[in-house]
Amino acid sequence: MEQPKHIVLSRGTELLRVRADRLVYVESEGNYSHVVTLDGRKRLVSFQLGQIEDLIGDQLGDAVEGRFLRLGRGLIVNLDYVYFIDVARQQLVLSDCAGCYHELSASREVLQKLKLYLENDPV
Amino acid sequence: MIRFDDIQDNEIRVIGQRDGHPHSQGDGQSHGCHASSRRRHAVLVAACIFCLGLTAVLCVLLYRHFRPVSPEGPVPEVFDPSSSTVTPLRPYRGAVAPLSEFPDASVLSCTEHIRRTINDIPLDIYIPHNAVPKLYVGTPDIHDKKIILAAQAADIRADNGKITGAFVLEGRPLAWGLSKKGYVGIIDGKISIGMADNSPLFEQATETGGYFFRQYPLVSDGCLVENEPKNKALRRAICDRGGEIFIVLTAERESLHDFSQALVDLGVDEAVYLVGASSFGFWRDAADHLIQFNEKCSGGYKYENFIVWERYWPLG
């Protein structure tokens, strides 16, 4: 049985280790980022979103391809949890249809591209 | 490691894609076309810059060749930088009416909150009244009723948890170095905000038991200062507008450029950035209600620091 992949964010005296399939989204907050996991916890880490994007790509290798998407400058989302997109209202809902439910906002262009991506290449 | 810093707000990108280019779903462009278009654009820009430079050189040469020579010898230029005193290129601002709507005679120690929208950017302005500013290392107690306004001041280095840039606490230097040119000095309870490589306020603060910290400069002499970070985030700044000191928060995520421009258009003379995003802070209104900017996150850094205003106790 394949072991679950983890994303490790380590800096200074702190280390955050999250199972890739439990990572719902990462949101930019200036030079910091909020890492949001399936249990609804939101943890601020001192990494820029671009650095986290690099780390996800490096640490997950082939396993990551197609699972995570960078949306503009502000978001990284796990495609497994994309539940609802409303381009007109600039609304993106991430949910596991169980206990996890997050309403996010993104630009119309980004949501339109995400919608097309999922229509053409559903995960 | 590939660095992905080139994504725009309207682009999406599949993480882990081998070529590392933004995903171009829906815009009908292939990666090759995109890169080629960028190269063409760069060449065009370079050519334009070269042509402009060439034109400028020709103009200077022609001007020198045909310039009339005064019979009395060389006439001093109206503006001779070598002999004149340096006059800052500061637009005339005149006397500005204060933003505060509090009566001058009020002895109430509290924070006044005003909402203004500048260039479609909603700004929350917090003006402390009848209070003394100081810096504080650690997290101020929200139940300490002396404090009427608190906001995070200098940045903390993520790698070692130390304060970024020079920092003086009650005359004790806790950090040295110049990482950002903006500074805030508090000497004898008076705040000075500005931009300089070296500020005598650092020494003054150490000699007089004062306070000093550094941050990004946003506005200097009423003019916008450009800064490197281009991302959008919730922004904060400490401002001096005709001697009136206040803190400004954006209600929405803004770039540093747009935030600085809004402060310029608000009439701010000097502004220096404060820790933004979801950083902790709080204020007390005229009815002594406590309002928090954000909840305090657990596990803060040892040298997390704040600028706080304490009321003239027990006057308030």
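Numbers restart at 1 for each chain; the letters A, B, ... are given by sequence-line order, proteins then strands.
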Visitor: Classify the ring geometry of B:Tyr126 against B:His113: parallel below 30°, tilted from 30° to 60°, perpendicular beyond 60°.
Guide: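 Aromatic pair B:Tyr126/B:His113 classed parallel.
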Visitor: Please classify the contact between A:Gln59 and chain B as side chain, backbone, both or neither, with a heavy-atom cut-off of under 4.5 Å.
Guide: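 No part of it gets close to chain B.
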Visitor: Tell me, for B:Ile156 versus chain A, whether the close heavy atoms (under 4.5 Å) come from the side chain, the backbone, both or neither.
Guide: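 Backbone only.
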Visitor: Nearest 0.5 angstrom please: A:Asp58 CG to A:Glu53 CD, how far?
Guide: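 The CG atom of A:Asp58 sits 10.5 Å away from the CD atom of A:Glu53.
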Visitor: Of the backbone (N, CA, C, O) and the side chain (C-beta and beyond), which part of A:Ile76 lies under 4.5 Å from a heavy atom of chain B, both, or neither?
Guide: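 Just the side chain, heavy atoms under 4.5 Å.
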Visitor: Could you give the distance from CG (B:Leu218) to NE2 (B:His257), rounded to the nearest 0.5 Å?
Guide: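 So the CG of B:Leu218 and the NE2 of B:His257 are separated by 12.0 Å.
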Visitor: By side chain to side chain donor-acceptor pair (under 3.5 Å), which residues pair with B:Arg235, not counting sequence neighbours?
Guide: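 Residues passing side chain to side chain donor-acceptor pair (under 3.5 Å) with B:Arg235: B:Tyr273.
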